[in-house]
Amino acid sequence: QVMLVESGGGSVQAGGSLRLSCAPSGHTYNYYSMGWFRQAPGKEREAVAIIHVASGTADYADSVKGRFTISQENAKNTVYLQMNSLKPEDTATYYCAAALYDDGGSWSDENEYHHWGQGTQVTVSA
């Protein structure tokens, strides 16, 4: 079973920064897209940012535009999420996701993604 492995979560104060990383465990895949979702306690999982691997273009949730940057390192099949100016409302478990192909749906629809990580906790204190 393919697993995406995340790293880089932690606890920071508001205004701080964290960088998340994600790569598949054991194998290299030609993903169509890779990115991040998050889920806060008592809330539904939501899309944060996605990068389309071939083109390098990215999509972001409105709540993180201008603060978060997604990037990739194709040779390592790795995706990063640089999170700056963190706010308490960014506190959540962050999940890496990857799509093997384009199903034609919205980038923010979690059903479009075939591989998932176990999640890494990000906690932002006021």
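Bear in mind that the values here come from a model prediction, so they are computed numbers and not experimental data. Counting begins at 1 with the first residue of the sequence.
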Aromatic plane relationship, Phe68 with Tyr94 - under 30° parallel, 30 to 60° tilted, over 60° perpendicular: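 Rings of Tyr94 and Phe68: tilted, 30 to 60°.
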
With a 4.5 Å limit on heavy-atom distance, are the side chains of [X] and [Y] in contact?
{"X": "Val5", "Y": "Gln118", "result": "no"}
{"X": "Arg67", "Y": "Lys87", "result": "yes"}
{"X": "Thr91", "Y": "Gln121", "result": "yes"}
{"X": "Cys22", "Y": "Trp36", "result": "yes"}
{"X": "Tyr31", "Y": "His114", "result": "no"}
{"X": "Tyr95", "Y": "Glu6", "result": "yes"}

Distance from [X] atom [atom1] to [Y] atom [atom2], nearest 0.5 Å?
{"X": "Tyr60", "Y": "Lys65", "atom1": "OH", "atom2": "NZ", "result": "10.5 Å"}
{"X": "Ile70", "Y": "Ser33", "atom1": "CD1", "atom2": "OG", "result": "9.0 Å"}
{"X": "Gln82", "Y": "Ser21", "atom1": "CD", "atom2": "OG", "result": "9.5 Å"}
{"X": "Leu4", "Y": "Tyr29", "atom1": "CG", "atom2": "OH", "result": "9.0 Å"}
{"X": "Leu86", "Y": "Thr123", "atom1": "CG", "atom2": "OG1", "result": "10.5 Å"}
{"X": "Ile50", "Y": "Glu112", "atom1": "CD1", "atom2": "CD", "result": "10.0 Å"}

Which residue, Ile51, Leu20, Val64, Val122, forms the side chain to side chain contact (heavy atoms under 4.5 Å, CB included) with Leu81? Leu20

Backbone N/O of Gly105 and side chain of Asp103: donor-acceptor pair under 3.5 Å: no

Which atoms form the tightest heavy-atom contact between [X] and [Y], and what is the distance?
{"X": "Ala47", "Y": "Ala61", "value": "O-CB, 3.4 Å"}
{"X": "Pro88", "Y": "Ser125", "value": "CG-C, 4.4 Å"}
{"X": "Asp90", "Y": "Ser85", "value": "OD2-O, 4.4 Å"}

Testing the 3.5 Å rule here: is there a donor-acceptor pair between the side chains of [X] and [Y]?
{"X": "Gln72", "Y": "Tyr80", "answer": "no"}
{"X": "Ser17", "Y": "Asn84", "answer": "yes"}
{"X": "Thr93", "Y": "Gln39", "answer": "no"}
{"X": "Asp59", "Y": "His52", "answer": "yes"}

Do other residues, nucleotides or ligands put more than 12 heavy atoms under 6.0 Å from the CG atom of Asp109? yes

The single option from Glu89, Glu46, Glu110 passing salt bridge (Lys or Arg N to Asp or Glu O under 4.0 Å) against Arg38: Glu46

Side-chain heavy atoms nearer than 4.5 Å, only ILVMFWY residues, links allowed to pass through others: does that put Tyr32 and Val53 together?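 Shared cluster, no.
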
